[in-house]
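Below: the structure, in structure tokens.
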Amino acid sequence: MLAGTNVLDLSRVLAGPLAGMLLGDLGANVIKVERPRTGDDTRGWGPPFDSSGESAYFISVNRNKKSVAADLTNPADRELIRALLGNADVVIENFKRGMLGRNGFEIASILSMHPRLVWCTITGFGADSDRAGYDFVVQAEQGWMSITGEPDGAPMKVGVALADVVAGKDASIAILGALVARARTGTGRHVTVSLAASASAALVNVAQNALVSGEEPRRWGNGHP
């Protein structure tokens, strides 16, 4: 479906890499840029590791990609990234606010130079926040923990980093929508996804029940209201 679509994955850990992997699963050519020597944080998150030394965590969200090592603070590596940008249809990144700009990659300028580019920024708490996006914190603050667990027990987190997973899937959907719009208009766009907003949206009927009834949701254990 996405054969011939070039994706530059500048993200790390979970939500961004998951979005890039899903695009790769759909046929896109995905190049993942990692830090020299250490690579993506998740390369060292184990055990378990497979027989070649790859962590299970890294493998789970980075299939169907090619990796290159590049350091944003290195002038030669910055030129490499600019060359990859020039050939990209999609960029995915989850850098802290201002990090790219300080290293010569101001997003608005890049988009003005490459108007067909679809740029996806993934944040923890929105484009105007400097807070790091930790799944545990998002699950707590967006209400997931208050509705998870035994009815008379303590709040619990979901056993998977699901806020990251949902945000990654939302990012891939937003990118696909932007690619469809580009096919119609010839112009790309900058889409932004946050873990917090995705987690709130994922409350679906639980959130709507609270809005309609005015009552706080509660824990049901393995039951269903």
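Note that the structure is predicted; figures quoted are calculated from it, not measured. We're numbering straight along the sequence, starting at 1.
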Gap separating the [atom1] atom of [X] from the [atom2] atom of [Y], nearest 0.5 angstrom:
X: L85; Y: N6; atom1: CG; atom2: CG; answer: 11.5 Å
X: L117; Y: I110; atom1: CG; atom2: CD1; answer: 8.0 Å
X: S52; Y: E54; atom1: OG; atom2: CD; answer: 5.0 Å
X: D41; Y: L14; atom1: CG; atom2: CG; answer: 11.5 Å
X: H190; Y: L111; atom1: NE2; atom2: CG; answer: 7.0 Å

Considering only heavy atoms from C-beta outward, does the side chain of [X] approach that of [Y] to under 4.5 Å?
X: D135; Y: V138; result: no
X: D170; Y: I122; result: no
X: L2; Y: D89; result: no
X: E34; Y: R12; result: no
X: M113; Y: R82; result: no
X: I107; Y: E93; result: yes

Check whether [X] reaches the backbone of [Y] with its side chain - one donor and one acceptor, N or O, closer than 3.5 Å.
X: R182; Y: G186; answer: no
X: R219; Y: G153; answer: yes
X: S60; Y: Y57; answer: yes
X: N64; Y: M21; answer: no
X: E106; Y: A108; answer: yes
X: K32; Y: S11; answer: yes
X: N94; Y: T123; answer: no
X: W144; Y: A199; answer: yes
X: N103; Y: M99; answer: yes
X: S146; Y: G143; answer: yes

inquiry  = For D130, is there an ion pair with R97 - N to carboxylate O distance below 4.0 angstrom?
reply    = yes
inquiry  = Checking F58 against D50 for the side-chain contact (heavy atoms from CB on, under 4.5 Å) test, could you report, in this order, the C-alpha distance in whole Å, the side-chain angles of both residues, the deciding distance, and whether it holds?
reply    = CA-CA 11 Å; F58 178 83; D50 71 4; over 6 Å; no
ask   = Among L8, L10, V91, which residue meets the side chain to side chain contact (heavy atoms under 4.5 Å, CB included) test with L84?
value =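 Option passing the side chain to side chain contact (heavy atoms under 4.5 Å, CB included) with L84: L8.
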task = Count the heavy atoms belonging to other residues, nucleotides or ligands that lie under 6.0 Å from CE of M145, then report whether that count exceeds 12.
result =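 Enclosed: over 12 neighbouring heavy atoms sit under 6.0 Å from CE of M145.
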inquiry  = Other residues, nucleotides and ligands only: do more than 12 of their heavy atoms fall within 6.0 Å of NZ on K169?
reply    =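 Counting other residues, nucleotides and ligands, NZ of K169 stays at 12 neighbours or fewer.
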